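In what follows, residues are counted from 1 in the order of the sequence shown. Quick caveat, the model's predicted, so the values are computed rather than measured. One-based numbering, in listed order, for ligands and for the atoms of each.
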Amino acid sequence: MEESLVFLKPDAVLRKSIGAAILQEFLNKKEFSILAFKEIVVSEDLAKKHYKEHEKKHFFPWLVKAVRAAPVLAMIVQGEIKKIRDFLGATFVQKAEPQSIRGKYGIWGGVNSVHASDSVETGLRELELWKKIANLEKDPDAVKKIKEYIEKWGSSKENNTLKLRNLCKKLTENPELKNQVYQDLIPLLKEDCPEANLNAIQNFAAIIIENVLL
Ligand code: CDP
Ligand code: MG
């Protein structure tokens with residue numbers, strides 16, 4: 001059975017109800033078993049090593065910053081990697097199938113809520129790395145911990161994903177409106193991120209804007 005790394009990225013950890021909804025979708029998938037669940041603050045060293053394959057790309061500095069905007073929720077998932085990747089959907093939110101995880105919950109572009117290893121080899125490399133640097137280990141209580149997280153943060157309340165996307169779309173069409181879009185993102189993110197302080201919200205808004213304009 002294949003095992004690989006999946007983590008909820010900061011945009012799905014800051015937006016608590018989004019993270020809870022994604023975790024529920026993983027639990028609902030009977031083809032996948034979750035063998036670990038751990039909140040991890042990603043160090044710069046881990047971020048750079050994890051995304052090493054992208055180090056020469058223009059979006060690399062953004063990627064290292066974005067993955068460190070808040071803790072991530074890391075999981076070891078047992079299941080066919082191709083199925084996990086299909087479940088997440090395409091890398092860019094606008095290109096992801098509307099019923100996929102990124103299509104439903106991602107914000108825009110590369111602000112796409114979840115990471116998953118892309119092959120068996122990558123899975124082995126990433127699990128080794130995250131074990132070594134962040135002590136990610138199998139945990140018999142993983143599913144119980146996920147259920148507790150969902151219990152705490154799951155909500156049937158509306159979230160602002162569609163409004164956030166509309167602002168991102170407006171920004172792609174009118175990059176000169178950057179400051180206004182930034183100001184408009186803040187109250188929406190405040191509503192969706194119940195535990196984040198203003199500093200974290202402002203940083204999150206700046207990260208979304210930077211990705212849209214990459
Ligand atoms: O995450 P995935 O394996 O689908 O995509 P990747 O090509 O390995 O890229 C890693 C991450 O970089 C993506 O998930 C996006 O968050 C980000 N990215 C981006 O923002 N802009 C790009 N042109 C490519 C990737
Ligand atoms: Mg990848």
Side-chain angles (χ1 to χ4, degrees), residues 2-15 18-19 22-23 25-26 29 32 40 42-77 79-130 133-134 136 161 164-165 167-169 171-172 175 178 181-182 185 189 203-214:
E2 296 171 10
E3 289 178 7
S4 60
L5 175 74
V6 170
F7 62 80
L8 268 56
K9 297 185 181 185
D11 72 272
V13 177
L14 288 164
R15 294 182 300 151
I18 297 292
I22 295 172
L23 291 170
E25 299 228 20
F26 268 92
K29 278 297 242 198
F32 309 151
I40 291 172
V42 178
S43 63
E44 189 171 340
D45 179 45
L46 177 57
K48 287 182 169 166
K49 285 178 175 150
H50 172 78
Y51 284 123
K52 195 169 180 3
E53 62 168 312
H54 297 305
E55 79 190 336
K56 302 261 151 52
K57 314 255 176 73
H58 72 287
F59 57 86
F60 184 71
W62 175 85
L63 202 45
V64 171
K65 218 183 322 171
V67 78
R68 305 186 66 229
V72 302
L73 289 168
M75 299 186 277
I76 300 174
V77 179
E80 204 184 311
I81 290 173
K82 163 101 177 52
K83 284 201 180 140
I84 299 173
R85 296 279 302 182
D86 288 348
F87 180 57
L88 291 201
T91 299
F92 289 114
V93 172
Q94 309 90 290
K95 293 195 178 151
E97 285 285 313
Q99 284 317 307
S100 66
I101 295 291
R102 285 167 166 176
K104 272 159 97 169
Y105 305 106
I107 294 179
W108 192 264
V111 190
N112 55 15
S113 301
V114 190
H115 166 85
S117 313
D118 64 3
S119 69
V120 174
E121 300 71 52
T122 312
L124 287 171
R125 182 186 87 81
E126 291 179 353
L127 287 182
E128 177 110 344
L129 178 69
W130 285 65
I133 298 189
L136 180 65
T161 304
L164 295 170
R165 286 180 183 176
L167 285 174
C168 292
K169 183 163 189 291
L171 181 61
T172 56
K178 186 175 160 178
V181 169
Y182 174 82
L185 283 171
L189 293 175
N203 184 45
F204 186 12
I207 279 169
I208 295 170
I209 296 221
E210 191 177 332
N211 191 272
V212 173
L213 298 177
L214 267 176

ask   = Hey, which residues fall under 4.0 Å of ligand 1 on heavy atoms?
value = Lys9, His54, Phe59, Trp62, Leu63, Arg85, Thr91, Phe92, Arg102, Gly110, Asn112, Asn211
task = Identify the residue among Leu129, Val64, Val72, Val67 that makes a side chain to side chain contact (heavy atoms under 4.5 Å, CB included) with Leu46.
result =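 Looking at Leu129, Val64, Val72, Val67, the match for Leu46 under the side chain to side chain contact (heavy atoms under 4.5 Å, CB included) is Leu129.
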Listing, residues 6-14 side-chain donor-acceptor contacts under 3.5 Å, not counting sequence neighbours, or none:
from, atom 1, to, atom 2, distance (Å)
Lys9, NZ, Asn112, OD1, 2.7
Asp11, OD1, Ser113, N, 3.1
Asp11, OD2, Arg15, NH2, 3.1
Asp11, OD2, Ser113, N, 3.4
Asp11, OD2, Ser113, OG, 2.8

task = Taking Thr122 for its side chain and Ser117 for its backbone only, find out whether a donor-acceptor pair lies under 3.5 Å.
result =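 It does not hold such a pair.
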request  = Please confirm whether the backbone N or O of Ile207 pairs with a side-chain atom of Trp62, one donor and one acceptor, at under 3.5 Å?
outcome  =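 Answer holds: yes.
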Heavy-atom closest pair, residues Thr161 and Ile18 =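 Taking Thr161 first and Ile18 second, the nearest heavy atoms are OG1-CD1, 3.6 Å.
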note = Heavy atoms of Asp86 and Ser100 approach each other most closely as O-CB, 4.3 Å
